[in-house]
Protein chains: 2
Amino acid sequence: MDSSPRTFIKLDSSETQPIHLQIYHRFKAAIESNLLNDGDRIPSTRTLASELNVARGTVESAYAMLLGEGVFISKGQSGTYVSTLLRKPAAKKLRTVVPPVAKQPVSQTADIELAKSVSPIYLPGCPAFDAFPRKIWSRLSGNRVRAMSAEEMRLKEPQGYEPLRQSIAAYLRLARGVVCEPEQVFITNGYQGALDFLSKVFKFYGENIWMEDPGFLLAAMLLKDLGANIIRVPIDEQGLIVSAGVDKCPDAKLAIVTPSHHSPLGLPLSAARRIELLQWASANDSWIIEDDYDGEFRYSGYPLPSLKSLDQYDRVIYAGSFSKTIFPALKIGYIVVPSGLVDICNEKAAIYQRGFTITSQMVVNDFITEGHFSRHLKKMRDLYAHRRELASKALMDVFEDKIQISSHKNGMHFVASLDHQYSDTEVCSSFNKLGYGIYPISKWTIDPKYNGLLIGFSNVPNKKVAEEMAIKLKNSFIIE
Amino acid sequence: MDSSPRTFIKLDSSETQPIHLQIYHRFKAAIESNLLNDGDRIPSTRTLASELNVARGTVESAYAMLLGEGVFISKGQSGTYVSTLLRKPAAKKLRTVVPPVAKQPVSQTADIELAKSVSPIYLPGCPAFDAFPRKIWSRLSGNRVRAMSAEEMRLKEPQGYEPLRQSIAAYLRLARGVVCEPEQVFITNGYQGALDFLSKVFKFYGENIWMEDPGFLLAAMLLKDLGANIIRVPIDEQGLIVSAGVDKCPDAKLAIVTPSHHSPLGLPLSAARRIELLQWASANDSWIIEDDYDGEFRYSGYPLPSLKSLDQYDRVIYAGSFSKTIFPALKIGYIVVPSGLVDICNEKAAIYQRGFTITSQMVVNDFITEGHFSRHLKKMRDLYAHRRELASKALMDVFEDKIQISSHKNGMHFVASLDHQYSDTEVCSSFNKLGYGIYPISKWTIDPKYNGLLIGFSNVPNKKVAEEMAIKLKNSFIIE
């Protein structure tokens, strides 16, 4: 084959690309398209420069790049060649390699993937997007970005932005009864980020961890992936049955609970059980993670105090998030750790060089300190209480006694329990095909007695939509 | 003791707080200050309402909150009491609990903590803060925040913001010779976040991992914390000595390398070694992580192509970051994984619900697609080349032959090698007391032959400062 470069290198003086780059790219294209083959000898820089009528240094620049990439190899006096080692096989550009790690079955995460493109109406855990104070947020963001200093552009703060940690400590003391110093607050990449961070502190691998049954599906999957052994502890009308946990695994290292508003059933953990749980943890040197995922939202009476506020034994790690109180795409959560864990958390934060986009943390901080956060929460409490009524009334009107809606007036979703003649997974699957995202409770539990739908109400805008949704849901029950 | 509430509950009509909250807080304060003690009987709601001259329902609300918190306990007919179970010991408010996990010695992370409050002059790895196009960044941010849609407020995208992944794929193809699909790109929380994410995919625990010696201190600490067994592989003037790695541990699961610009010495991995390394990985089903931490910055010739661009075997995971090309507080990095790893990476991303503040990812994307990124990089190349000259010339003038500066004209720092009569750790320690942040290379290696200072030059603004810095550094050598 004629490997003379004249056959493929046609320089184009109208191109804006420098000549040496034109030469470089044309050689690569020639190899890709097999005009040049492995081991072919390349003309000397002098020869090519003369053929192309360009300066020799220009050709040398191109060759240097190709040699640097290993596309050409130099064999000293005998000349320069197309490498026989580095070319990709012509037939297939990307070889599929099966990694030497156990692959999860796709179905394991299929339920998580759901929430990406669905309508927020009925989606559990979504704040009301139509009621977010965008103008304020936009103004605060603009101010922060314009005023960003060189020092702020460099901030790492693996524990999180210091002023935000202070604001969170002040907020939690007032709103959730959590008395803590800012040093005990660590910003996390949402709740999953909190669990992942805590796995560095506690080494979950091979450890027994109590989880409520039913309980948050995503947390269970994450803990399992980290190698933890999940002990499913049943709940009753008072919440987690501590004695059942003790029967199953008395010396679990951790218990993960949702005391303010059980996830997903909505009931609070009773005072007696709180005491029992704290005493168990203290007696066993175990730890408790309190997932206070929507404790801010309670529509009759005041928000329940957190379990952490009762923690005289310093065994509770409190986890909260702005995903539901501000918006999910922020991905900013936080934990409060007992003072005895602060040192090791600082160590781990430094080793993993945690830290999250600084601007967002600053804007959240301004949102809190300027009072917008508490005003927004207050408004949302009223709004969600109203929307809960809209959604539940419409469902009860349409379904009559075919479903029962949980009575706990809190959070951002309720559970609509079904007769066992219907399958919650089938109803969800059929309904979600319309572009919605409700969850079947049976996926969150190992106990077959649960059969129901987790339905969010915070984005149900009015009576008309509430009724339309209820009818659409009812139609999903008729599966031939 | 007289536990009559008259002694501590003085309602204040001028307070804005509702009456029942005043009652609630005053009871809590009374208990805190031992005016009320464990087991004290509390007056009935009727009695207290009458004493305070408020509606009984008001007192009931306060009691309900205190009962809910477990501060009071109800013993049915016999009345309501201050709980004996829940109060914190009066003597100490926070008990220090030593966690049942091995604590890292503080010295382990002392070197990382350094960079928080020091001057950026001489700090390695810091982009030039005085040259960042703030106005453009501010405008792009403002546009994005103002236009944020409800759907964007909800975006999770555990793999990262899809358009940004596309832009990164396009950028890498052009600038670093990495041919990949957007599906292969995963956004990470910086480089440490990349390693942490990859530890979910590969399970580093107990695995052998090659690292260059000297090599990036932080990566070594992180891998060790994840339970990996680090195999230190020496380097010579061609970079990593692959045969030495094979001698020490032929079947390591991973090799982590910095082929474009060895960290910290600055030399590139030679073409021959690149081939040797790729062939080793292919033959052993091992993986290579290419840490291309500042491959964009080369001041003589063109940026070297990445190792990934030669990876015909699909064994290389490419890791990059915007910390050095935009600014560090963004905390946005990325990896490109072989197509055979895409499925498992998607699974892990979903399980850990990764995803980072969406606005920042959008602004980075706009910065790239509108051409600001490549213009900025081009400017920084010229600026850093100039500042490198300023800094190295000043040092050579001041030190004459007492130090040698590495000749590789790339990156954002150089190594100033010292005679063994001086100790790099002592010089650093003495100099950094002035508020600077240079690193001693001896901390990055197990080989005692290395003795030198890692000095950043990208924030050395002019000749005058360069000279002042050199003189200050020289003064740090005179240790009595």
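To find a chain, count down the sequence lines: A is the first, B the second, and so on, and within it residues start at 1. As a basis for the values below, the full set of heavy atoms in this structure was taken, side chains included, without hydrogen atoms, waters or symmetry mates. Only a predicted model underlies this, so the values are computations on that prediction, with no experimental measurement involved.
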Under 4.5 Å heavy-atom distance to chain B, tell me which part of [X] shows up: side chain, backbone, both or neither.
{"X": "A:Pro268", "value": "neither"}
{"X": "A:Gln361", "value": "neither"}
{"X": "A:Tyr205", "value": "neither"}
{"X": "A:Ser306", "value": "neither"}
{"X": "A:Leu226", "value": "both"}
{"X": "A:Ser119", "value": "backbone"}

**Item:** Test side chain to side chain contact (heavy atoms under 4.5 Å, CB included) applied to B:Ser141 and A:Ser141, step by step
**Value:** CA-CA 8 Å; B:Ser141 300; A:Ser141 299; over 6 Å; no
**Item:** chain A contact via B:Pro120 - side chain, backbone, both or neither, heavy atoms under 4.5 Å
**Value:**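 Both parts, backbone and side chain.
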**Item:** B:Ser199 versus chain A, the contacting section by heavy-atom distance below 4.5 Å
**Value:**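 For B:Ser199, there is no contact with chain A at all, as no heavy atom is under 4.5 Å.
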**Item:** Contact winner vs chain A - B:Trp137, B:Tyr352, B:Phe327, B:Phe132, heavy-atom pairs under 4.5 Å
**Value:**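 If we count pairs closer than 4.5 Å to chain A, B:Tyr352 comes out on top.
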**A:Thr357 side-chain N/O to B:Leu330 backbone N/O, donor-acceptor pair under 3.5 Å** =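 Yes; at least one donor-acceptor contact below 3.5 Å.
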**Message:** Strictly distance-based, threshold 3.5 Å: is any side-chain N or O of B:Arg154 a donor or acceptor partner for the main-chain N or O of A:Phe129?
**Reply:**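 Looks like no, no N/O pair under 3.5 Å.
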**Item:** Straight-line distance of A:Ser149 OG to B:Arg134 CZ, nearest 0.5 Å
**Value:**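 Reported to 0.5 Å precision, the distance equals 7.0 Å.
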**Message:** Using side chain to side chain contact (heavy atoms under 4.5 Å, CB included), reason through B:Asp196 and A:Asp196 one step at a time and then give a plain yes or no.
**Reply:** CA-CA 10 Å; B:Asp196 196 18; A:Asp196 196 18; 4.1 Å; yes
**Asked** Considering residues at least two apart in sequence or located in another chain, which fulfil the ring-ring contact (aromatic ring centres under 6.0 Å, His included) criterion with A:Phe322?
**Response**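 For A:Phe322, the residues satisfying ring-ring contact (aromatic ring centres under 6.0 Å, His included) (neighbours in sequence not counted) are A:Tyr334, A:Phe373.
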**Residues that B:Ser270 engages under side-chain hydrogen bond (donor to acceptor under 3.5 Å, both in side chains), provided they are two or more places apart** =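 Expected list: B:Gln238.
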**Asked** Hey, does B:Lys135 have a side-chain heavy atom less than 4.5 Å from the side chain of A:Arg146?
**Response**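 No, too far: nothing below the 4.5 Å cut-off.
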**Request:** Using a strict cut-off of less than 4.0 Å between a Lys/Arg side-chain nitrogen and an Asp/Glu carboxylate oxygen, indicate whether A:Asp225 and B:Lys200 qualify as a salt bridge.
**Result:**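 No, A:Asp225 and B:Lys200 are not salt-bridged.
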**Request:** Would you mind telling me which of A:Glu152, A:Met148, A:Met153, A:Lys331 has the largest number of heavy-atom pairs within less than 4.5 Å of chain B?
**Result:**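 So the answer, after comparing A:Glu152, A:Met148, A:Met153, A:Lys331, is A:Met153.
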